[in-house]
Structure formats: structure tokens, C-alpha cells
Asker: 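The following block contains the structure, expressed as C-alpha cells.
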Amino acid sequence: MSTHTKIVDLETVVAWIDEATGGGPVAVAMTDLDEFARLNEELGREAGDRVLAVWVETLTGSLPDGAIIGRLGGDEFAIALPHASAENALILLEEIRVHLAEHPVDGWTVGATFGVASRPPHATETTELLRCA
């Protein structure tokens, strides 16, 4: 499964995850960028677009092969790591969060927030798993 980064609905992300995992183990994260609306207001949408581009580049360059990234809209993303535990996902995502914060874009320190869940133990259905995240 290739990495996906276009804007999609939640059902599409669920289908990608189900296709990649066959209902097997997966860690998922829901994430958004901190203060993104304020960034757009203060520095303009072009700066927001640059931050989003850096965010997507950071994710795609840092996540392992087979990771799934679905942009749900604005600055909200769903990430799936097939065969990963929630603990492993948290460690990886924290490293990405720290890297992002250490590399300002247009003078803006970019923060990100993640919610993580995994199958098992948090849920068996992918839709519920994403809700848990």
C-alpha cells in the first residue's frame, strides 16, 4: 500500500486501512497542527500551505513503508501503521513532533497533537479504532 496524502473522507481512510491490514494489528493516530487557524490568520494562508507541505513531507519521510496518511481536511490527518503497537506508534510520532517543533517554518514553531489507538486492544473495527484515537 502506498502512502496517501490527498484529502479524503473517513470512509476512504477506513478502506485503506482495512485493505492494508486485513483486519489485523494496526496502530492509528488522529493528528492536527497546533494553532493552525491562528497561523493562517497572522501569517496568511500561503504560510499555512507551506506549513502543511512541511508537515506532509515530514510525515512521508519519517513514517515506515506501508504507512497510510489520509488528510481529512484542513490540518487534520489520520495515520495508520500496520503491524505496529500503540506504544511503538507513540514513540515514532513523538520523534516526529519534536523534529517538527525544532524546525520553524516562516518563523513559526509548528506543534502537533496526536491521539493514538491500536488493534488490539482498543477496538476491533477500524471505524471505532479511529474514534478511539
Side-chain angles (χ1 to χ4, degrees):
M1 166 83 32
S2 62
T3 301
H4 300 279
T5 55
K6 63 183 177 179
I7 296 177
V8 297
D9 59 26
L10 196 56
E11 290 92 21
T12 301
V13 172
V14 168
W16 288 344
I17 294 168
D18 288 344
E19 178 185 333
T21 66
V26 61
V28 299
M30 297 296 287
T31 182
D32 64 13
L33 298 173
D34 301 339
E35 306 279 341
F36 188 71
R38 191 167 70 98
L39 164 70
N40 278 326
E41 289 172 11
E42 290 183 17
L43 299 179
R45 293 199 181 272
E46 287 144 1
D49 289 346
R50 285 189 293 277
V51 167
L52 283 173
V54 167
W55 180 228
V56 169
E57 181 180 320
T58 301
L59 289 174
T60 58
S62 302
L63 294 173
D65 287 342
I68 298 164
I69 305 168
R71 182 175 176 202
L72 301 174
D75 66 327
E76 184 178 22
F77 291 78
I79 299 168
L81 302 170
H83 310 293
S85 67
E87 294 80 11
N88 288 340
L90 281 170
I91 291 166
L92 177 59
L93 295 171
E94 177 62 10
E95 289 173 0
I96 292 169
R97 189 196 64 75
V98 168
H99 173 80
L100 187 69
E102 291 174 346
H103 296 87
V105 178
D106 292 349
W108 189 272
T109 300
V110 182
T113 302
F114 298 93
V116 177
S118 65
R119 177 177 54 221
H122 300 113
T124 56
E125 297 298 320
T126 303
T127 302
E128 183 61 25
L129 188 61
L130 287 163
R131 275 192 218 115
C132 288

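Below, each value reflects all heavy atoms present in this structure, side chains not excepted, and no hydrogens, waters or symmetry copies.
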Asker: Once rounded to the nearest 0.5 Å, what's the spacing between atom CG of Asn40 and atom CG of Leu52?
Answerer: 7.5 Å

Asker: Within a radius of less than 6.0 Å around CD of Glu125, do more than 12 heavy atoms belonging to other residues, nucleotides or ligands occur?
Answerer: no

Asker: What closest approach, in Å, do Arg119 and Gly24 show between heavy atoms, and which atom pair accounts for it?
Answerer: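 Of all heavy-atom pairs spanning Arg119 and Gly24, the closest is NE-O, 2.9 Å.
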
Asker: Within this structure, what is the OG1-CD distance for the pair Thr126 and Glu19, rounded to the nearest 0.5 Å?
Answerer: 12.0 Å

Asker: Would you say Asp106's side chain and Ala47's backbone share a donor-acceptor pair under 3.5 angstrom?
Answerer: no

Asker: I need the Ile79 CD1 to Met30 CE distance, nearest 0.5 Å.
Answerer: 9.5 Å

Asker: Does CD in Glu57 sit with more than 12 non-hydrogen atoms of other residues, nucleotides or ligands closer than 6.0 Å?
Answerer: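 Result for CD/Glu57: open.
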
Asker: Please report the interatomic distance CZ(Phe114) to CG(Leu90), rounded to the nearest 0.5 Å.
Answerer: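 Rounded to the nearest 0.5 Å, the CZ-CG separation comes out at 9.5 Å.
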
Asker: With side-chain contact (heavy atoms from CB on, under 4.5 Å) as the test, would you mind laying out the steps for Asp32 and Trp55 before giving the verdict?
Answerer: CA-CA 10 Å; Asp32 64 13; Trp55 180 228; over 6 Å; no

Asker: To the nearest 0.5 Å, how far apart are OG1 in Thr31 and CG in Leu59?
Answerer: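 Answer for the OG1-CG pair, Thr31 versus Leu59, is 7.0 Å.
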
Asker: Between Gly48 and Phe36, what is the shortest heavy-atom contact and its length?
Answerer: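 Heavy atoms only, the tightest pair is O-CE1, 3.6 Å.
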
Asker: Show your reasoning for whether side-chain contact (heavy atoms from CB on, under 4.5 Å) applies to Leu100 and Val54.
Answerer: CA-CA 9 Å; Leu100 187 69; Val54 167; 4.2 Å; yes

Asker: Taking all heavy atoms of Thr109 and all of Ala101, pick out the closest pair and write down the distance.
Answerer: CG2-O, 3.4 Å

Asker: Identify the heavy atoms of Leu92 and Ser62 that sit nearest to each other, and give their distance.
Answerer: CD1-O, 3.8 Å

Asker: So which heavy atom on Pro82 is nearest to which on Thr21, and how close?
Answerer: CB-CG2, 3.9 Å

Asker: Atom OG1 of Thr12 and atom CG of Leu72: how far apart are they, to the nearest 0.5 Å?
Answerer: 9.5 Å

Asker: Can you check whether Glu95's main-chain N or O pairs, donor with acceptor, with His99's side chain at less than 3.5 Å?
Answerer: no

Asker: Apply salt bridge (Lys or Arg N to Asp or Glu O under 4.0 Å) to Glu41 and Arg38, showing your working.
Answerer: CA-CA 5 Å; Glu41 289 172 11; Arg38 191 167 70 98; over 6 Å; no

Asker: Dump the intermediate steps for side-chain contact (heavy atoms from CB on, under 4.5 Å) on Val110 and Leu39, then the final yes or no.
Answerer: CA-CA 9 Å; Val110 182; Leu39 164 70; over 6 Å; no

Asker: Can you name the nearest heavy-atom pair linking Ala80 to Ile17, along with the distance?
Answerer: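 Residues Ala80 and Ile17, closest heavy atoms: CB-CG1, 3.5 Å.
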
